[in-house]
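The next block holds one structure in the form of structure tokens; read it before the comments.
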Amino acid sequence: MGYTRRVMDGPTFYHQVYAVVRRIPRGRVTSYGRVARMLGRPHAARAVGYALSALAQKRESAPPVPWQRVINSQGRISTPNMDGGADLQAALLRAEGVAVDENLRVDLGVYLWEGLHLLEIDDILAGRG
DNA sequence: TTGTTGACCCAAG
DNA sequence: TCTTGGGCCAACA
């Protein structure tokens, strides 16, 4: 089968996103697009952002997902600042040693996390990670 | 089953 | 640098 993801017997795309995000090392960051690519969905960046958004609402994350380590491809925090979310994210990153600009910008050349390969992700999703 | 909704990405201007 | 416009995707009503 090629494209049917209506009823996936495995983890949903969201869970796959969470699994990958949990692998981001402390003090490093990556982008939504990169996470999407790691999951074999090069164009699903928006869905990744949506997944993290849902995470913030549900507030049910055990173990917790370090969502603050995910920013956009321009190295900027794109979290809505309604709840002070963007500021919170910046604070969390700084606490990990990541230099965040006053304009909520991070130097990807320094802090970018390259990511994982598909095979490693398969292991993680299979519970061997 | 269809339409809507985003914490996106990329190429131009 | 910043702003626009078009494209892509998954979850949900």
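This one's a predicted model, so the numbers in the text were calculated from it and none came from an experiment. Within every chain, numbering begins at 1; the chains are lettered A, B, ... in the order of the sequence lines, protein sequences first and strands thereafter.
The side chain of A/Arg105 contributes an N or O atom lying less than 4.0 Å from OP1 or OP2 of C/dC2.
For the salt bridge (Lys or Arg N to Asp or Glu O under 4.0 Å) test, residues two or more places apart in sequence or in another chain that qualify with A/Glu114 are A/Arg34. With sequence neighbours left out, the side-chain hydrogen bond (donor to acceptor under 3.5 Å, both in side chains) criterion links A/Glu96 to A/Gln68, A/Arg69. Looking at residues two or more places apart in sequence or on another chain, you find no side-chain hydrogen bond (donor to acceptor under 3.5 Å, both in side chains) involving A/Arg26. Applying the side-chain hydrogen bond (donor to acceptor under 3.5 Å, both in side chains) rule to A/Thr79 yields the partners A/Gln89; only residues at least two apart in sequence or on another chain are considered.
When the nucleotides C/dC2, C/dC9, C/dA10 are ranked by their closest atom to the side chain of A/His43, C/dC9 comes out on top.
Here the C1' atom of nucleotide C/dC9 and the CZ atom of A/Arg41 are 9 Å apart, to the nearest Å.
Residue pairs meeting the salt bridge (charged side-chain N to carboxylate O under 4.0 Å, His left out) criterion with at least one partner in residues 43-56 of chain A, sequence neighbours excluded, do not occur; the list is empty.
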Base contacts versus sugar-phosphate-only contacts with protein, heavy atoms under 4.0 Å: please encode nucleotides 6-13 of chain B as B, S and - from 5' to 3'.
BBBSS---
